[in-house]
Amino acid sequence: MAKSDVKVLGSWPSPYAMRPRIALNIKSVDYEYVEERVWEGKTELLLQSNPVHKKIPVLIHGDNPICESLNIVQYIDETWSSGPSILPSDPYEGAIARFWAAYLDEKWFPSIKSIAIAQGEDARKAAIAQVEEGLALLEEAFGKCSKGKPFFGGDQIGFLDIAFGSFLGWLRVTEKFNGMKLLSEAKTPALVNWADRFCSDAAVKDVMPDTEKLAEFGKMVIAKIRGAGAEIH
């Protein structure tokens with residue numbers, strides 16, 4: 001398949017835009033990456049490809065756009081089925097992976113964002129407590145899902161690894177801004193080791209943004225949110 005047959009519309013700071021790129025890398029699919037500087041404005045290609053949400057990422061396969069990051073990962077897994085499986089083949093294990101992925105998107109990552117924009121120390125501490133509570137749950141989930149293997153998906157990166165691992169850059173930035181360790185050997189030793197393995201994996205390492213560069217972007221985002229009440233996707 002020609003590289004131009006598969007495009008990913010993304011933005012380098014976006015954890016969601018990392019997901020389809022990691023999935024395509026796992027499947028060894030060549031693709032064209034199109035950088036969308038959404039904080040400066042949205043291109044006509046993006047608006048045409050995702051007229052409902054008007055957000056990245058979008059996978060364009062041939063002439064067909066597919067939207068929403070986890071939906072895209074599932075599409076990639078099903079379309080290029082000859083490559084390594086991303087979603088578990090067992091229905092129960094698949095349901096558990098999707099459950100935790102939804103938890104990460106709907107509850108856990110919003111808590112990370114809440115730390116950055118919290119008004120006052122009490123609100124900041126409450127947001128940190130929510131993040132730590134989530135990490136404790138995910139530490140336990142890792143033990144059950146991995147069954148002693150390196151990743152949530154077993155011997156190799158799977159659906160939940162992609163869903164969670166895409167947030168590691170922003171987790172590191174949050175730790176840097178607050179002078180603390182949220183992932184720690186004392187409280188989450190399994191996740192610490194998992195995060196190292198995930199970030200050094202061949203499918204991930206060239207996609208994971210640099211922490212310092214992400215921190216600079218984060219400062220801009222926080223200033224923009226506090227100044228205008230805007231939301232950056």
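These numbers were taken from a predicted model, which means no experiment stands behind them.
- A pairwise comparison of heavy atoms in A97 and L160 identifies O-CD1, 4.1 Å as the closest pair.
- A distance-only check finds no donor-acceptor pair linking the side chain of W12 to the backbone of L214 [under 3.5 Å].
- In this view, D201 satisfies the salt bridge (charged side-chain N to carboxylate O under 4.0 Å, His left out) rule with no residue, not counting sequence neighbours.
- Between W80 and H61, the two ring planes are tilted [angle within 30° to 60°].
- Counting only distance, with no hydrogens or angles, the side chain of Y33 and the backbone of S11 share a donor-acceptor pair below 3.5 Å.
- Here the side chain of N178 pairs a donor or acceptor atom with the backbone of T174 at under 3.5 angstrom.
- Side-chain atoms of S114 and Q130 form no donor-acceptor pair, as typed in the model, at a separation below 3.5 Å.
- Of the candidates L183, V192, L191, L191 is the only one forming a side-chain contact (heavy atoms from CB on, under 4.5 Å) with E139.
- Side-chain atoms of K7 never come within 3.5 Å of backbone atoms of L59 as a donor-acceptor pair (strictly under, hydrogens ignored).
- No donor-acceptor distance shorter than 3.5 angstrom exists from the side chain of S85 to the backbone of L87, with no hydrogens or angles considered.
- A salt bridge links D105 with R19: the closest approach of a Lys/Arg side-chain nitrogen to an acidic carboxylate oxygen falls below 4.0 angstrom.
- No option in W108, F198, W100 other than W108 meets the side-chain contact (heavy atoms from CB on, under 4.5 Å) test with F164.
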